[in-house]
Trainee: 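Supplied in structure tokens, the structure appears directly below.
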There are 2 protein chains.
Amino acid sequence: MVRRRQAVTIKHVAADAGVSLQTVSRVINKEPNVRPQMQERVQASIDKLGYVPSRAAQRMSGSRSYLILALNDRERTIADWRARQGSDWVDQMLLGGMLKCAEYGYRMMFELVDTHNDHVERELSAAITALQPDGVILTPPHSDNPLIVNLLDKHNIPFARIGSAGWAVGIPLTMGDEQAGKDATQHLIDLGHEKVAFISGPDEYILSSWRRAGWQCAMGNAGLAIDGLIANGDFSFESGRIAAEQLLGKTDRPTAILASNDQMAMACLEVAREKGLVVPDDLSVVSFDNTPIVALTDPPLTAVDQPIAETTSRAVELIIAAKNGNRTPDGPIIVPAGFVERGSTAAPPRG
Amino acid sequence: MVRRRQAVTIKHVAADAGVSLQTVSRVINKEPNVRPQMQERVQASIDKLGYVPSRAAQRMSGSRSYLILALNDRERTIADWRARQGSDWVDQMLLGGMLKCAEYGYRMMFELVDTHNDHVERELSAAITALQPDGVILTPPHSDNPLIVNLLDKHNIPFARIGSAGWAVGIPLTMGDEQAGKDATQHLIDLGHEKVAFISGPDEYILSSWRRAGWQCAMGNAGLAIDGLIANGDFSFESGRIAAEQLLGKTDRPTAILASNDQMAMACLEVAREKGLVVPDDLSVVSFDNTPIVALTDPPLTAVDQPIAETTSRAVELIIAAKNGNRTPDGPIIVPAGFVERGSTAAPPRG
DNA sequence: GTGAAAGCGCTAACAA
DNA sequence: TTGTTAGCGCTTTCAC
């Protein structure tokens, strides 16, 4: 195996520009105390020689790694990948995260971590020690895992917590789930629906409760009862089926269902079809997330759009800002959800 | 900002075990010349102290970076992400690549590179210098970009070329496109079709010609004419529309179409519908790639399945093997495509 | 504002 | 088989 040495190092640049290593280092890192003239001369040498600093060496000498680690739940992520149902959560994170990282000379790396596992800490510690990332992005359900959050806090690594709002550590970001749930429900109420049912997500995800709260709030504001209009799911298609059957099996069935994610909404579509209900004539359905698949169902689903790319992009910005010593905003950052109206919603049936 | 030092270094382990740094290093790297007893003692200290080597330091001292870089075409990848049409190319690469990397203590990192750009070389050189990856995975159309291939060869970095077969550099891997094209065509012929048309991909992708060759071969073997049965596309939906209109506009129209990717096949579905043709009764359609979306079209598309995860996984294995000094296999590696029969194929209309 | 020296954590090369 | 020494490329002190 060939022992590979850096072709052009800071030394070559220093020699070429006739300055000390230190000055070159200062120019690379855009430090203040360098005369413009000096900086130009060094920059010229850098460009001429095509010098690019070694991240490993920078990291070694106690500076940054220019690396941000994005953590996702191993089990769920792999299951999504294998299922090949078009969930593009990871892609949207990459889209928002990688591009924003690139703007700052950073890079993003993905890492899968088991939540349901007593060695989360060991797993994550190892990754941090090996990689020494400058920041970490947590996604649900990790964002609210106290083991993970405390570990990161202890290590003093800036970290974002997507889909999380509480605690005084890290940088929480949400899509305003409660408001989104409220708006979606209100949209159905505005169409004339009075019996708007809700299928919740698992309690493990804190955003499940927010979405429910939004629905509940809109219903309450409109003076509508919610008795018997809630069913519990766990984000899986199958749980959505069970919930939908429970909801639509009653004589006094709801005229609209707001499901906490796409899979469960698709299950509603299937159950409705089996029961001879036409969507949206007999039943309106709205989902959360808006993964690519919901534009292709029959009918296409009206959905709350989760702005993953934008949220990840903000997370990267805030992590780098924190790394640069800027204060982290006080409250949680809200990157508002969107709402895409498609064919699964209409006025309720008359009578 | 806190200056972060490694909590547990090789020194601590050495002290704890009462051995030299070098011995610890040998244990970490599973080198042979260490007495079992010694190795156990050191390993015990490692476990006790929770030591994990710093990748940066390992890289700095001339060893590996334990990093494999996966290169994708910037323009196309970002377009796919933004389009949100459920293309899971990146996800499948991650699935196959990350998991295999993890087995060997490696990590995979994604990087986007412009092909149509005179500074590909500068761009890629910078990434290589900054990151010092132990290997690189090239995807189409990069796999056949001479600038990229030569650069990697010159740097002496093991690299895989997915979707490529030629040249004596790097590790070429294909899904056996020609065979897949042949099989798909044969499948249609077996159903009774005689006029099987083909929509090609852009010439920029070498696999376009392989897929075409497979179709041509099957048609030839069956003694069927191909005049007027080929149309050129560029993988875009719109180009697929144009090709389909050209093909289906004739009086003597084909009874089946094999499209070189999913988007163009979907365009065929749309054009057929506009012309009042029922798929699969009046027209059979088969696509290449089998992205998640094609299971949801109306009717669902019969498709050649591109084994991206498996191919990426093999690529990682071979790169690491090469890094370990093993000889690279001679011919191109073939990870055979699959074939998924769905509702878009049937016997041709009687007539 | 600029430079010189020390050291980050690890491994290659050499010595014992 | 094990230990010692000398860096890798860079940034952090700390002088000047």
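The structure presented is a predicted model; accordingly, all values stated were derived computationally and were not measured. All chains are named by letter (A, B, ...) in the order of the sequence lines, taking the proteins before the strands, and each is independently numbered beginning at 1. Quick note: numbers below take in every heavy atom, side chains included, and nothing from hydrogens, waters or symmetry partners.
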Trainee: By salt bridge (Lys or Arg N to Asp or Glu O under 4.0 Å), which residues pair with A:D114, not counting sequence neighbours?
Mentor: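 Counting only residues at least two positions away or on another chain, A:D114 forms a salt bridge (Lys or Arg N to Asp or Glu O under 4.0 Å) with A:R74.
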Trainee: Given D:dC10, C:dG9, C:dG3, identify the nucleotide with an atom nearest to the side chain of A:V19.
Mentor: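 Ranking D:dC10, C:dG9, C:dG3 by closest atom to the A:V19 side chain puts C:dG3 first.
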Trainee: Who pairs with B:D330 by salt bridge (Lys or Arg N to Asp or Glu O under 4.0 Å), at least two apart in sequence or on another chain?
Mentor: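 Checked B:D330 against salt bridge (Lys or Arg N to Asp or Glu O under 4.0 Å); matches are B:R327.
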Trainee: Whole angstrom is fine here: how far is it from CD in B:Q39 over to C1' in D:dT1?
Mentor: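 So the CD-C1' distance, B:Q39 to D:dT1, works out to 14 Å.
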Trainee: Quick one: list whatever passes side chain to side chain contact (heavy atoms under 4.5 Å, CB included) with B:A56, sequence neighbours left out.
Mentor: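 A:A56, A:R59, A:M60, B:S54.
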Trainee: Applying side chain to side chain contact (heavy atoms under 4.5 Å, CB included), name anything that partners B:E103, two or more places apart in sequence or on another chain.
Mentor: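 Partners of B:E103 under the side chain to side chain contact (heavy atoms under 4.5 Å, CB included) test: B:K100.
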Trainee: Between A:M60 (CE) and C:dG7 (C1'), how many Å, whole number?
Mentor: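 Distance check: A:M60 CE to C:dG7 C1' gives 9 Å.
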Trainee: Indicate whether OP1 or OP2 belonging to C:dG9 is found under 4.0 Å from a side-chain N or O atom of B:Q6.
Mentor: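 Checking C:dG9 against B:Q6, no side-chain N or O comes under 4.0 Å of OP1 or OP2.
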Trainee: For A:F110, give me all partners under ring-ring contact (aromatic ring centres under 6.0 Å, His included), at least two apart in sequence or on another chain.
Mentor: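 Expected list: none.
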Trainee: If the cut-off is 4.0 Å, is A:Q58 near the phosphate of D:dT11, judged by side-chain N/O to OP1 or OP2?
Mentor: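 True: A:Q58 side-chain N/O within range (under 4.0 Å) of D:dT11 OP1/OP2.
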Trainee: On the nucleotide C:dG3, are OP1 or OP2 found under 4.0 Å from the side-chain N or O atoms that A:S20 carries?
Mentor: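 So the side-chain polar atoms of A:S20 do come within 4.0 Å of the phosphate oxygens OP1 or OP2 of C:dG3, strictly under.
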Trainee: Any side-chain N or O of A:Y66 under 4.0 Å from OP1/OP2 of D:dC10?
Mentor: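 Answer is no, no contact under 4.0 Å.
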Trainee: If an axis is fit to five pairs at each end of the helix from C:dG1-D:dC16 to C:dA16-D:dT1, what is the angle between the two, to the nearest 10°?
Mentor: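 The value is 30°.
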Trainee: Would you please name every residue forming a salt bridge (Lys or Arg N to Asp or Glu O under 4.0 Å) with A:D73, sequence neighbours left out?
Mentor: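 A:D73 satisfies salt bridge (Lys or Arg N to Asp or Glu O under 4.0 Å) with no residue once adjacent residues are dropped.
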Trainee: Near DNA chain D, under 4.0 Å by heavy atom, which residues of residues 23-38 of chain B?
Mentor: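 Residues of residues 23-38 of chain B that come under 4.0 Å of DNA chain D are, in numerical order, B:T23, B:R26, B:N33, B:V34, B:R35, B:M38.
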Trainee: Please list, chain by chain and in numerical order, all residues satisfying ring-ring contact (aromatic ring centres under 6.0 Å, His included) with A:Y51, sequence neighbours excluded.
Mentor: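 In terms of ring-ring contact (aromatic ring centres under 6.0 Å, His included), with neighbours along the sequence ignored, A:Y51 is linked to no residue.
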